Structures are given as C-alpha cells and as structure tokens.
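Note sheet for the following structure.
These figures come from a predicted structure and were not determined experimentally.
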Amino acid sequence: MSVFWAMLRRDLALARRNAGDTLAAVGFFLVAVGLFPFGVGPAPDLLARIAAGVVWVAALLAALLPLERLIGADYEDGTLDQALLAGLEASLVAAEKAATHWLTTFVPLLLASPLAALMLNLPLAATGVLLAALALGSLVLSLLGTAGAALTLGARRAGVLLPLLVLPLAIPPLIFGVAAVDAALHGLAARPHLAMLGALAAAAVPLCPLAAGAALRAATE
C-alpha cells in the first residue's frame, strides 16, 4: 500500500504542476454549458428543465479529456512497469489512477457545477441534488474511464476508441443522475435515484479496478 500512496502523491503533484490540464477540463465544461442558452434560447423555464442533462453531459465529456494520458504517460515512460515489478497489484494501480482522475478532474468540475447550474437557471434546491448526484456518479465515471483507458492502452487510435468504449457504459449513471434532479424539480423524492447511483458506485469500486488491472497486465506482458 505504501507504493499505492506514493504513486497517488506523485500523480497529484504532477497534476498540480500541470494545472493547465485541469483548467482545460473546467473551461471546456463551462463553455459547453454556456453555449446551450445561445442554442436553445434564454427561456428560464426551458433552461431549468434541461439543466441537469446539460451539466451531466458536459461534465462527462470534459472528464474524457485527460483519460487517454491517465495511464498512457506511465506506460510510455516505464513507470507502470516499475510499479508492477515493485509488487504492486495491477488492480491497485488501476484504483490509484481512478482516484487520481476523480480528485484532479471531477472535484474541480463539482466545484464549478454551481456556476453551471446558475447559468442554466436551475433552482437552488435542485442544485444541491445535482451536486449529490454528480458526486456519486462521478465516482462511477472515473472508475469506468480508468477501465476504458486500461483496455485501450497501447492501441492504435486509442483517442477514438476510448470515448466509444466509455460513453455507452456511462448511460446508467447519467439516467439516474438526471432523474434525481428532475424529481427534485417536480417536488418528488430524489433519494431512490441517489440510492441507485450509490449502488452503481458500490459495484464499480471493486469490479472496475479488477477489469482494468487485467487489462494492464495484458498490456505490459
């Protein structure tokens, strides 16, 4: 586990040094959200109705930006081989990469989400549900993205394959995340939808690192 924490500290330090990657993801997220009022019109009711879907899709697309380099950089410079030779389980490497992606990409997106919700006229009560849903769903998305990055590691046209692999798998958390906000908008209980997101996260935490670890072992053999 000491190697795990050392890799996490190293990756977080690298992310701080290359903060432009995080800022690019946040900038993409806010610009994508900001385009919708120009595309569909400034009607407040319409923007509030589509706000949850717009924020979720924009966050999902923004989170795809750093995925290709999430494991690829370590694969190219030999860090991945060294970690596996040091005895670190491939599944733990995958879990560490998922944690790095969540901390360096989704946490900044979560912090920017209230501004995005404000741009789309989402009521304050529904904004709280949106943040709770994104917090749970983003765990699933980071784990699925890491598994996708591992499966496409070293593949030709990985930048094209990765979104094609990850986006269909992201549909369930997207559905429950948007449904939670819609329920809050209509005065219904959002808890069942949040519970489903929690269940998806509970399933993804053990399963995705195992799948990604198997892919990492295959890529480094």
Side-chain angles (χ1 to χ4, degrees), residues 15 19 21-67 70 98 100-146 148 162-201 204:
D21 294 341
T22 298
L23 292 176
V26 174
F28 175 88
F29 170 67
L30 291 176
V31 169
V33 170
L35 288 175
F36 274 83
F38 296 100
V40 303
D45 291 343
L46 174 61
L47 291 177
R49 194 163 63 248
I50 67 172
V54 170
V55 171
W56 263 88
V57 171
L60 173 58
L61 294 178
L64 287 176
L65 296 178
L67 275 181
L70 181 66
T100 298
H101 181 262
W102 189 80
L103 290 170
T104 61
T105 303
F106 270 119
V107 169
L109 291 179
L110 281 169
L111 295 176
S113 293
L115 177 58
L118 183 64
M119 293 163 63
L120 296 172
N121 197 42
L122 189 68
L124 186 59
T127 300
V129 175
L130 173 67
L131 291 176
L134 274 176
L136 289 170
S138 60
L139 291 174
V140 182
L141 298 178
S142 281
L143 288 161
L144 289 174
T146 302
L162 184 54
L164 293 177
L165 184 64
V166 173
L167 289 177
L169 298 175
I171 292 175
L174 177 66
I175 290 174
F176 290 115
V178 174
V181 180
D182 283 343
L185 280 174
H186 293 89
L188 303 174
R191 185 172 298 177
H193 305 292
L194 296 177
M196 286 303 301
L197 285 172
L200 289 175

key: Name of the residue among Phe29, Phe28, Trp102 meeting side chain to side chain contact (heavy atoms under 4.5 Å, CB included) with Leu109   =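 Of the listed residues Phe29, Phe28, Trp102, the side chain to side chain contact (heavy atoms under 4.5 Å, CB included) partner of Leu109 is Phe29.
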
message = Quick check on side chain to side chain contact (heavy atoms under 4.5 Å, CB included): which of Leu136, Val178, Leu197, Leu60 does Pro173 satisfy it with?
response =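 The option that passes is Leu197.
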
Grab the two heavy atoms, one from [X] and one from [Y], that are nearest each other, plus how far apart they are.
| X | Y | answer |
| --- | --- | --- |
| Val140 | Leu200 | CG2-C, 3.8 Å |
| Ala183 | Ala189 | CB-O, 3.6 Å |
| Val129 | Ala190 | CG1-CB, 3.8 Å |
| Leu65 | Ala24 | CD1-O, 4.4 Å |
| Pro37 | Leu47 | CA-CD2, 4.0 Å |
| Thr127 | Ala117 | OG1-CB, 3.7 Å |

[atom1]/[X] to [atom2]/[Y] distance, rounded to the nearest 0.5 angstrom?
| X | Y | atom1 | atom2 | value |
| --- | --- | --- | --- | --- |
| Leu167 | Leu174 | CG | CG | 10.0 Å |
| Ser138 | Leu131 | OG | CG | 10.5 Å |
| Leu118 | Leu124 | CG | CG | 9.5 Å |
| Asp45 | Asn121 | CG | CG | 7.5 Å |
| Leu185 | Leu122 | CG | CG | 5.5 Å |

request  = Look at the side chain of His101 and the backbone N and O of Ala63, then say whether any donor-acceptor pair between them is shorter than 3.5 Å.
outcome  =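 Yes, the answer is positive, given that a donor and an acceptor are paired below the 3.5 Å cut-off.
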
ask   = Could you go step by step and tell me if Thr105 and Thr22 meet the side chain to side chain contact (heavy atoms under 4.5 Å, CB included) rule?
value = CA-CA 6 Å; Thr105 303; Thr22 298; 5.6 Å; no

message = Is there a side chain to side chain contact (heavy atoms under 4.5 Å, CB included) between Met119 and Leu115? Walk through the geometry before answering.
response = CA-CA 6 Å; Met119 293 163 63; Leu115 177 58; 4.2 Å; yes

key: Chi angles and distances behind the side chain to side chain contact (heavy atoms under 4.5 Å, CB included) call for Leu23, Val26   = CA-CA 5 Å; Leu23 292 176; Val26 174; 5.5 Å; no

request  = Start with the C-alpha distance between Phe106 and Leu134, add both sets of side-chain angles, then the distance that settles side chain to side chain contact (heavy atoms under 4.5 Å, CB included), and finish with yes or no.
outcome  = CA-CA 9 Å; Phe106 270 119; Leu134 274 176; 5.7 Å; no

